Amino acid sequence: MKPFDLKNQDTHSKARRGVVHTAHGDVQTPVFMPVGTRGTVKGITPEQLRTTGAEIVLANTYHMLLRPGTEVVEALGDLHGLMSWDGPILTDSGGYQVFSLSTLNRIGEDGVEFASHIDGKKIYLDAKTATETQNRLGADIIMCFDECTPWPCPQEHLVKAVERTVRWAKQCKDAHANDKQLLFGIVQGGVDMDLRSDCAKQMIPMEFDGYAIGGLSVGEGHDHMIRTVNHTAPLLPEDKARYLMGVGMPIDIVESVRAGVDMFDCVLPSRNGRNAYAFTDDGPLRLRNSQYVTDTSPIEQGCPCYACQNFGKGTIRHFFNVGEMMGPILVTIHNLTYFQRLMKEIRSQIENNTFNEWANEFCSKHKDEA
RNA sequence: GGGUCGGUGCCCGAGUGGCUAAAGGGGAUGGGCUGUAAACCCAUUGGCGCGAGCCUUCGCUGGUUCGAAUCCAGCCCGGCCCA
């Protein structure tokens, strides 16, 4: 079976409605994938995650490799067993940690040496080890080991990063030895359109199961991001899933869907939820703010999530103020539900061929959040 | 009644002649977070002023000193010990 089926193509934009087929089930796109870096989406159970509408979840190779380690994950029934999640899982290769843990690593031509952020132990990650590790962790979609560059980034570094990312991608493809898993390639190149084009041109002949746009949402800002996505997404094969890594704010997602992106992941709904920031259709709420002290209304009127059905803002604010776990739990559930409801709306608008107009309205309403 | 230790900003608490509008916590208020080193991090927190700056503040009152939260005297209040 083809890994990706295109179901509808919006006629007023590049937005698409599709399905990704994985060993643990289908994923309706455009899709938002919550992040469960170390084997769990922080603060909620898989059952709660399911009720938000999530179909697929992320985990991270670098973090699982450090703890508990590949053998232990295998012994616990691979990632699906460990996470108690029988749906699709995607693992990031550790390429993001090349960026996020840059003070703890050294990038070489063949791979990256990390000083473990836990005990300083040397961890070497390259295309082969990242792929073999992911083969064994057992996710349904695995990612090439890439170099996620920072922003701003000197041009010569950007060029080198693209070279390495392309070279490593070939090595990942060669090392990949688990035919139950889809392997996605990643296009790098910062906000340099020529580099993005070069990188895409070199990645496509390698015939990956899907293609990601990496190296964005690293501080470049909404305009740079969207310009780069608008340039890059159309370069990728129409019959393969396109995945914008690490994005993002709702408005970033809507604009990127418009550019033809199918898949997203981001820590924002979960992390910000833990930090009392609630996403709503009327813009964000900072639930620690004193204005909510005695507010008995839900975070979002009409939201079917457990938090909105059972608690008012004042109670949730109280939970945050006294440090009760329930605050982070409730807002995580709400935010993930918000994102899933947004994706559902997006899919429905594409099916009705009304996406573009809807997106215009959404973006004008949320432009302040960019 | 005698002795002794102490009374500092919203709270706790450091400071014991000038660099002190006063360390550090807590609390409060506001902000940030984008393929998670994040249930975390940052900022503000006496008043007035855009600002230089001015005013008020370390129990109360008075004193010493160029200068006092800091030294002295009296008083008030609290803890402990003795009677």
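Just so it is clear, the model here is predicted, and its values are computed rather than measured. Here is how names work: the chains are called A, B, and so on, in the same order as the sequence lines, proteins then strands, and each is numbered from 1.
Using a 4.0 Å heavy-atom criterion, one finds that A:Ile186 contacts the bases of the nucleic acid, with or without backbone contacts as well. Among the heavy atoms of the strands lying under 4.0 Å from A:Leu101 is at least one base atom, whether or not backbone atoms are also near. Among the protein residues, A:Gln188 comes within range of the nucleic acid bases, having at least one heavy atom under 4.0 Å from a base atom. Contacts of A:Gly219 with the nucleic acid, taken as non-hydrogen atoms under 4.0 Å apart, are absent. A:Tyr277 comes within 4.0 angstrom of a nucleotide base, judged by non-hydrogen atoms across all strands. Among the heavy atoms of the strands lying under 4.0 Å from A:Leu104 is at least one base atom, whether or not backbone atoms are also near.
Nucleotide B:A28 has B:U44 as its partner under the Watson-Crick or G-U criteria, with both atom distances under 3.5 Å. Judged by Watson-Crick or G-U wobble contacts below 3.5 Å, the nucleotide B:G1 has B:C82 as its partner. Pairing for B:C71 is with B:G63, a Watson-Crick or G-U wobble pair whose two hydrogen-bonding atom distances lie under 3.5 Å.
Put simply, CD1 on A:Ile89 is 18 Å from P on B:G35, counting in whole angstrom units. The distance from atom CD of A:Gln97 to atom C1' of B:U36 is 8 Å, rounded to the nearest whole Å. In this structure, the CG atom of A:Leu336 is 13 Å from the C1' atom of B:U36, given to the nearest Å. Regarding A:Met245, its CE atom lies at a distance of 15 Å from the P atom of B:U34, rounded to whole Å. Rounded to whole Å, atom P of B:G31 lies 11 Å from atom CG of A:Leu285. At whole-Å resolution of the value, CG in A:Asn321 and P in B:G27 are 9 Å apart. Following rounding to the nearest Å, A:Tyr292 (OH) and B:G30 (P) show an atom-to-atom distance of 10 Å. Atom pair A:Gln291:CD and B:G30:P shows a separation of 8 Å (rounding to whole Å applied).
Contact annotation: A:Ser290 side-chain N/O to B:A28 OP1/OP2 distance is not under 4.0 Å. Distances shown here put every side-chain N or O of A:Asn60 at or beyond 4.0 Å from the OP1 or OP2 atom of B:A37. Taking side-chain N and O atoms only, A:Ser270 has no distance below 4.0 Å to OP1 or OP2 of B:U36. Within the 4.0 Å cut-off from OP1 or OP2 of B:U36, at least one side-chain nitrogen or oxygen of A:Thr37 is found. The side chain of A:Asn289 places an N or O atom within less than 4.0 Å of a non-bridging phosphate oxygen (OP1 or OP2) of B:G30.
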Evaluate the side-chain contact (heavy atoms from CB on, under 4.5 Å) criterion for residues A:Phe355 and A:Val254: first the C-alpha distance (whole Å), next the side-chain angles of each, then the deciding distance (0.1 Å), finally the verdict. CA-CA 9 Å; A:Phe355 173 80; A:Val254 171; 4.2 Å; yes
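Comparing B:U44 with B:C80, their C1' atoms are spaced 41 Å from each other, to the whole Å. Nucleotides B:A21 and B:G15, compared at atom C1', are 14 Å apart to the nearest Å. Spacing between B:A23 and B:G9 at atom P, rounded to whole Å, works out to 13 Å. For the C1' atoms, the distance linking B:G47 with B:U36 amounts to 44 Å, nearest Å. Taking atom P in both B:G7 and B:G59, one finds a spacing of 8 Å when rounded to whole Å. With both ends at atom P, the span from B:C60 to B:G2 equals 24 Å, rounded to whole Å. Rounded to whole Å, the C1' atom of B:C58 lies 15 Å from the corresponding atom of B:C10. Straight-line distance between the C1' atoms of B:A68 and B:C50: roughly 34 Å, to the nearest whole Å.
For A:Arg317, the listed nucleotide lying nearest its side chain is B:U29; candidates were B:U34, B:G35, B:U29.
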Using a 4.0 Å cut-off on protein heavy atoms (strictly under), produce a 5'-to-3' string for nucleotides 38-45 of chain B with B for base contact, S for backbone-only sugar-phosphate contact, and - for none. BBB-----
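Defined by atom type and a distance below 3.5 Å, a donor-acceptor pair is missing between the side-chain atoms of A:His24 and A:Asp86. For A:Asn360 and A:Arg258, the side-chain atoms include at least one donor-acceptor pair closer than 3.5 Å. For A:His334 and A:Thr280, the side-chain atoms include no donor-acceptor pair closer than 3.5 Å. At a cut-off of 3.5 Å, with distance as the only test, a side-chain donor of A:Asp126 or A:Thr129 sits close to an acceptor on the other residue.
Between A:Asp281 and A:Lys365 there is a salt bridge, since at least one side-chain N of the basic residue sits less than 4.0 Å from a carboxylate O of the acidic one.
The environment of A:Arg136 atom CZ is dense: over 12 non-hydrogen atoms of other residues, nucleotides or ligands sit within 6.0 angstrom. Heavy-atom contacts from other residues, nucleotides or ligands closer than 6.0 Å to CD of A:Glu361 number 12 or fewer. Atom NZ of A:Lys42 sits in a crowded spot, with more than 12 heavy atoms from other residues, nucleotides or ligands closer than 6.0 Å. Atom CD of A:Gln155 has more than 12 heavy atoms from other residues, nucleotides or ligands within 6.0 Å.
Contacts with RNA chain B (heavy atom under 4.0 Å) in residues 141-174 of chain A: A:Asp146, A:Cys148, listed by number.
Nearer the 5' end of RNA chain B, as judged by each residue's closest nucleotide, is the contact made by A:Met225, out of A:Met225 and A:Ile118.
In terms of modelled atom types and a separation under 3.5 Å, the side chain of A:Asn275 and the main chain of A:Tyr277 share no donor-acceptor contact.
Under a 4.5 Å side-chain heavy-atom criterion applied to ILVMFWY residues, the cluster that includes A:Val112 comprises A:Tyr62, A:Leu65, A:Leu66, A:Val98, A:Leu101, A:Leu104, A:Ile107, A:Phe114, A:Ile118, A:Ile123, A:Leu125, A:Phe145, A:Trp168 as well.
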